[in-house]
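These notes are about the structure you will find just below.
Residues take their numbers from the sequence shown, with the count starting at 1. Order of appearance sets the numbers: ligands from 1, and atoms from 1 within every ligand.
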Amino acid sequence: MASKRGTVRVDSKDLGIGLVGTGFMGRAHANAWRQAPCFFDLKRRPQLRCVAGKDVKEAKAFAARWEVASVHPTWQALVRDSSVKLVDVCTPNHLHAAMSIAALKAGKAVACEKPLATSLAEARVMCDAARVSKAKTFVWFNYRRCPAIGLARQLVSEGKLGTIRHARACYLQDWGGSATPMAWRFDASRAGSGAHGDLNAHLIDLVRFTTGEQIAEVCGAMEATFVRSRRDGAKHTKSTVDDATLFLARLSSGATASFEATRLATGNQNANRLELNGTKGSVRFDFERMNELEWWDDTLPKRLRGWSRILCTDPSHPWAGAYWPAAHLIGYEHGFVSMAADIVRVLTGEKPILPLADFEDAFVTQCVLHAVMVSAHEQRWVRPDSFA
Ligand code: SOE
């Protein structure tokens with residue numbers, strides 16, 4: 001039965017979403033839940049029932065702007081709300097575990113921002129809680145849902161690249177210089193790590209997702225902190241995370257891989273790049289040109305070989321058909337919209353367009369993040385699966 005609370009339409013058949021966090025990701029997710037049923041045919045309509053944030057006034061302003069039906073004074077109250085079927089966790093990393101575990105104990109599905117946790121130990125407890133509750137879990141690795149990344153995965157699984165010999169992944173940003181004031185992302189007690197958990201988590205997930213392989217061993221890891229103190233209002237506060245973390249890896253097939261994550265790559269604003277080189281061809285992706293996938297087909301006669309630039313906006317590309325006519329570009333927010341739609345599909349017994357990461361899957365990525373730290377500190381080869 002549809003009813004109205006203020007100006008917000010609430011229907012009991014809808015899938016009630018409770019959102020925790022009103023920052024950058026809170027906005028990206030609120031937009032996604034609202035847009036998903038407009039673009040995708042879904043069995044149930046996700047409905048943002050309530051929001052909670054660190055500040056009630058801010059949460060009220062957020063609710064008014066994004067048309068969220070109600071505001072809870074605490075995240076605990078939101079988890080107890082019986083209209084909430086899925087708790088969406090978009091908070092700083094140190095809060096992921098407590099919120100997700102409480103929601104799972106209350107029998108709710110959970111969609112948690114990446115990285116899953118600030119440490120391997122925390123991630124393990126979250127995974128255990130998910131296993132016990134049997135509720136569905138999801139982790140917002142949004143870049144999986146770029147149509148170009150989906151196409152890269154399809155080309156690999158169709159054998160178009162042959163055997164993958166080499167993966168090159170880098171995520172280069174430049175917003176973390178000394179002029180950038182203190183924020184939770186620079187505080188190890190709240191973020192866990194810096195560029196490593198924030199950016200390498202995406203890269204590790206993307207290499208695993210597109211190649212279908214695991215990261216068998218890591219070595220040559222190097223982490224660096226260049227900015228040790230940051231302006232924090234009138235004072236200065238210690239910046240306690242890595243600004244850059246780089247490492248090498250071997251995939252389960254034996255292929256080599258390199259990973260670079262930094263927030264100090266001046267001039268590279270959001271260069272999330274992936275290159276896969278195989279025996280029959282290669283692909284290249286750069287998020288700064290997210291609608292494109294470049295493909296080299298090495299099976300063509302030599303005189304015809306060259307990079308082709310595929311505009312991944314055709315209805316035959318994953319998710320693209322839900323949006324605009326071919327060649328009309330999509331943006332950052334569409335990855336979240338497509339992910340919200342795929343989450344609803346899973347919750348209503350349908351298949352997602354391509355697989356989503358759950359806590360179990362994100363735990364595997366967390367093991368790689370952890371192995372890299374061990375490799376950096378002990379200067380040796382480390383197997384991520386030794387922590388599983
Ligand atoms: C900040 O570094 C950030 O917003 C990350 O937290 C996101 O995961 C990434 O997609 C963009 O950069």
Pair Tyr143 + Phe287: ring centers closer than 6.0 Å
yes

Pick out which of Asp361, Asp198, Asp205 makes a salt bridge (Lys or Arg N to Asp or Glu O under 4.0 Å) with Lys114.
Asp198

Lys/Arg-Asp/Glu bridge criterion (N-O < 4.0 Å) met for Arg305, Asp298:
yes

Considering residues at least two apart in sequence or located in another chain, which fulfil the side chain to side chain donor-acceptor pair (under 3.5 Å) criterion with Asp187?
Ser189, Arg190

For atom 6 (O) of ligand 1, the closest protein heavy atom turns out to be Asp198 OD1, 2.5 Å

Heavy-atom contacts under 4.0 Å between Tyr171 and ligand 1: side chain, backbone, both, or neither?
side chain

How does Arg263 reach ligand 1, by side chain, by backbone, by both or by neither, if only non-hydrogen atoms under 4.0 Å count?
neither

Below 3.5 Å, can you tabulate the donor-acceptor pairs from side chains in residues 97-106 to any protein atom, sequence neighbours excluded?
| from | atom 1 | to | atom 2 | distance (Å) |
| --- | --- | --- | --- | --- |
| Ser100 | OG | His96 | O | 2.7 |

If we only consider heavy atoms of Lys114, is any one of them less than 4.0 Å away from an atom in ligand 1?
yes

Could you establish whether Arg185 and ligand 1 come within less than 4.0 Å of each other, counting only heavy atoms on the residue side?
yes

Close N or O approach (Asn270, ligand 1; < 3.5 Å)
no

With nothing but distance in play, are any N or O atoms of Tyr143 less than 3.5 Å from an N or O of ligand 1?
yes

